[in-house]
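We count ligands from 1, going down the list as the structure has it; atoms in each ligand are counted the same way. Note: hydrogens, waters and symmetry copies are ignored here, and every other heavy atom, side chains too, is used.
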Amino acid sequence: MLIRTHQDGFIHPLSSEITSPEVYATRRQLLRQWTAGAAAAGLSVWAQREAFAQGGGVAAKLAALPATQSQIQGAMTVEKLTSQQDATTYNNFYEFGTDKSDPARKAHTLKTSPWSIEVEGLVKKPTRFNLEDIMKWGAMQERIYRMRCVEGWSMVIPWIGYSLSDLIRRVEPLPSAKYVEFITQADPQTMPGLRGGYLDWPYVEGLRMDEAMHPLTLLTFGMYGEVLPKQNGAPVRLVVPWKYGFKSGKSIVKIRFVEKQPLVSWEKAAPQEYGFYSNVNPKVDHPRWSQASERRIGEGGLLDKKRKTLMFNGYEAQVASLYAGMDLAKNF
Ligand SMILES: Nc1nc2c(c(=O)[nH]1)N[C@H]1C(S)=C(S)[C@@H](COP(=O)(O)O)O[C@H]1N2
Ligand SMILES: [Mo]
């Protein structure tokens, strides 16, 4: 059974908002049975999961990533989870179109197996790694994070992955590496949105080395106890919970270590609107709208209740020190 601890100290939800532990217990039991079956069949657990996930339907429900609960300070929130339905049908993944419903309708064409990530730039030994190998480099954990989109909506999602720092240590960046660039899939055959010309493809994101090494930064392979759906960035994406959602690049194919701050997709497209840091900050408005509040997906309806946006999306205690002495209005 999943026991949720209240670690970040400023969220006081009603107990009715907390997802029933029974739901998790049941799912976890199914997962255990299912992974045992996969092992008995003599196939790699990942290969089995992938096969099930690609098959869809009820089987996909069981195609899970076994994960333990995160021990990382601040990694869990006790706010009510966004429904899996909302989190998998209301998406931004411009490679499949700009409508929120496009990714769920169109991302089925994305081919997620085989998958590899090329690690290049300022590292000891630039290498292309298979996803199956990368998945073994860290202990999979479930982490419930808030996700705040720059457009003014938010969700609470149980992700599965491990801290990106585990991968970074493994590939041994050189001391000259100061930033990490994440390059995502750009395949015109399978991604109809590439024809739209909204952005320069591939979609590129980046972090400063200390941000990339922060334990909250999650290399993500699953959500809601299952492998990532394609619309959410299968088979591997980043989740950086204290930054606006667009910093969390989906379907990563390359990780590049560099010395200079990379020019990332949204900054390149509209530098007066999107900066490199893009930390969630209710005091720094987007030039065309306020960032002081947000709409939690699933809470809409007639009253259109708004929530106050929290500094660093509620992860201030964990990450504020990364930005000590920086003017966050200038470094937006
Ligand atoms: N490759 C890629 N990654 C992306 C995007 C995108 O268009 N392409 N959109 C970003 C934005 S704006 C958000 S808010 C999140 C949404 O993630 P979700 O659909 O899993 O909630 O993905 C981010 N990652
Ligand atoms: Mo976003």
Side-chain angles (χ1 to χ4, degrees), residues 81-107 109-110 112 115 117 143-161 181-188 190-207 217-224 226-255 264-270 273-275 278-281 286 288-289 291 294-298 309 313:
L81 296 183
T82 298
S83 75
Q84 190 174 7
Q85 173 71 16
D86 283 343
T88 56
T89 55
Y90 189 91
N91 302 101
N92 275 336
F93 199 168
Y94 278 19
E95 288 85 335
F96 295 100
T98 52
D99 200 276
K100 294 284 175 284
S101 64
D102 280 335
R105 288 189 292 115
K106 299 181 183 172
T109 53
L110 180 69
T112 57
W115 195 273
I117 295 183
R143 302 216 195 139
I144 299 172
Y145 283 163
R146 291 177 213 93
M147 155 80 84
R148 169 63 156 80
C149 178
V150 74
E151 296 163 346
W153 48 268
S154 64
M155 300 193 190
V156 177
I157 298 179
W159 300 107
I160 295 174
E181 214 174 336
F182 305 92
I183 295 105
T184 73
Q185 178 71 302
D187 173 20
T190 53
M191 297 174 140
L194 299 197
R195 273 175 263 131
Y198 323 108
L199 289 169
D200 261 351
W201 313 104
Y203 189 97
V204 173
E205 256 313 330
L207 295 171
T217 301
L218 194 71
L219 190 66
T220 306
F221 306 91
M223 62 195 280
Y224 297 89
E226 301 169 16
V227 293
L228 277 177
K230 292 177 177 180
Q231 60 268 37
N232 294 92
V236 57
R237 69 174 298 174
L238 217 59
V239 179
V240 192
W242 71 95
K243 292 177 178 282
Y244 291 118
F246 66 84
K247 296 295 290 183
S248 297
K250 295 176 169 181
S251 306
I252 294 169
V253 293
K254 241 182 233 183
I255 298 178
V264 292
S265 286
W266 280 105
E267 189 186 8
K268 192 173 176 186
E273 302 192 4
Y274 307 103
S278 295
N279 292 313
V280 174
N281 189 338
H286 185 280
R288 292 185 280 128
W289 60 84
Q291 292 292 24
E294 66 201 53
R295 185 170 61 88
R296 181 63 54 82
I297 299 299
T309 288
N313 202 25

All side-chain hydrogen bond (donor to acceptor under 3.5 Å, both in side chains) counterparts of Y244, not counting sequence neighbours = none
query = Can you name the residues that come within less than 4.0 Å of ligand 1, going by heavy atoms only?
reply = N91, N92, F93, Y94, E95, M147, C149, W153, W159, T184, Y203, N232, R237, G245, F246, S248, G249, K250
query = Are R148 and S154 linked by a side-chain donor-acceptor pair shorter than 3.5 Å?
reply = no
key: Member of K230, E95, K250 meeting the side chain to side chain contact (heavy atoms under 4.5 Å, CB included) criterion with L110   = K230
task = Using a strict 4.0 Å threshold on nitrogen-to-oxygen distance, state whether E205 and K243 make a salt bridge.
result = no
inquiry  = Which label fits Y198 and W201: parallel for a plane angle under 30°, tilted from 30 to 60°, or perpendicular past 60°?
reply    = perpendicular
query = Does the side chain of N91 come under 3.5 Å of the side chain of K100 through a donor N or O and an acceptor N or O?
reply = no
